[in-house]
Amino acid sequence: MLLSIFYFLLAGIAEIGGGYLVWLYMRDDKSPLYLLAGAIILILYGIIPTFQPEASFGKVYAAYGGVFIALSILWGWLVDGLHPDMYDIIGGLVCLVGVYIIMYAPR
């Protein structure tokens with residue numbers, strides 16, 4: 001389970017970080033190197049989930065969606081300075097409960 005969580009976190013950081021670099025290039029007039037770095041990181045994001053121990057693509061990506069939401073809230077807070085409100089926190093926690101149910105609930 002810890003390895004699976006590690007891959008979820010790594011994929012989330014790659015997706016959000018790569019997208020953020022593309023965002024900076026497109027919206028904040030940064031160097032084309034931001035676009036290139038973002039594109040490379042987004043390619044890595046596409047590869048990272050294949051290391052998940054779970055064999056089902058759909059199951060992994062369904063669960064990853066919840067991790068992505070929670071990490072996006074954290075990114076907004078830590079990088080963009082947008083403090084999450086009570087509803088952001090509740091929503092993120094609901095998503096993480098969904099991750100647990102999808103990936104780890106007894107079948």
Side-chain angles (χ1 to χ4, degrees):
M1 183 163 99
L2 288 178
L3 187 60
S4 178
I5 292 168
F6 169 75
Y7 287 131
F8 278 138
L9 294 175
L10 190 61
I13 291 167
E15 182 180 12
I16 297 167
Y20 187 68
L21 291 174
V22 172
W23 175 280
L24 291 174
Y25 167 75
M26 299 293 292
R27 306 269 308 247
D28 288 350
D29 201 32
K30 296 290 186 183
S31 158
L33 292 176
Y34 280 71
L35 177 64
L36 180 62
I40 291 168
I41 292 169
L42 287 169
I43 289 169
L44 292 174
Y45 153 70
I47 295 168
I48 293 166
T50 66
F51 298 119
Q52 281 286 356
E54 171 61 45
S56 170
F57 175 84
K59 191 178 198 181
V60 166
Y61 271 82
Y64 169 70
V67 173
F68 175 80
I69 291 168
L71 286 175
S72 295
I73 293 167
L74 280 173
W75 185 279
W77 182 24
L78 299 175
V79 175
D80 290 332
L82 300 172
H83 296 281
D85 63 20
M86 177 183 65
Y87 297 105
D88 295 328
I89 293 168
I90 292 169
L93 291 173
V94 167
C95 291
L96 293 176
V97 168
V99 170
Y100 179 81
I101 292 169
I102 291 168
M103 289 297 291
Y104 311 114
R107 300 275 195 273

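For reference, positions follow the sequence shown, starting with 1.
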For residues 78-87, which side-chain N or O atoms pair as donor and acceptor with protein atoms under 3.5 Å away, sequence neighbours left out?
unit_1	atom_1	unit_2	atom_2	d
His83	ND1	Trp77	NE1	3.0
Asp85	OD1	Tyr87	N	3.0
Asp85	OD1	Asp88	N	2.8

All pairs passing salt bridge (charged side-chain N to carboxylate O under 4.0 Å, His left out) where residues 34-47 contributes a residue, at least two apart: none
From OH (Tyr61) to CD (Gln52), nearest 0.5 Å: 9.5 Å
Apart from Ile89 itself, residues in the same hydrophobic cluster as defined by side-chain heavy atoms under 4.5 Å: Leu93
Donor-acceptor pairs are to be reported for all side-chain atoms of residues 97-107 against protein atoms at under 3.5 Å, with residues two or more places apart or in another chain.
unit_1	atom_1	unit_2	atom_2	d
Tyr104	OH	Ser4	OG	2.8
Arg107	NH1	Ile101	O	3.3
Arg107	NH1	Ala105	O	3.2
Arg107	NH2	Ile102	O	2.7

same_hphob_cluster(Ile5, Tyr45) at 4.5 Å side-chain heavy-atom cutoff: yes
Which donor-acceptor pairs under 3.5 Å do side chains of residues 12-34 form with protein atoms, sequence neighbours excluded?
unit_1	atom_1	unit_2	atom_2	d
Glu15	OE1	Tyr64	OH	2.4
Ser31	OG	Leu33	N	3.0

Ala11 versus Pro49, closest heavy-atom pair with distance: CB-CG, 4.3 Å
Linked, directly or transitively: Val60 and Leu9 (ILVMFWY side chains, under 4.5 Å): yes
Apart from Leu44 itself, residues in the same hydrophobic cluster as defined by side-chain heavy atoms under 4.5 Å: none
Members besides Leu10 in its Ile/Leu/Val/Met/Phe/Trp/Tyr cluster (side-chain heavy atoms under 4.5 Å): Leu3, Phe6, Tyr7, Ile43, Ile47, Ile48, Phe51
Pairs meeting criterion salt bridge (charged side-chain N to carboxylate O under 4.0 Å, His left out) with involvement of residues 40-64, two or more places apart: Glu54-Lys59
Nonpolar side-chain network containing Ile73, other nodes, edges under 4.5 Å: Ile69
Qualifying salt bridge (charged side-chain N to carboxylate O under 4.0 Å, His left out) pairs, either residue in residues 37-53, two or more places apart: none
Partners passing ring pair (Phe, Tyr, Trp, His ring centres under 6.0 Å) against Phe68 (at least two apart in sequence or in another chain): none
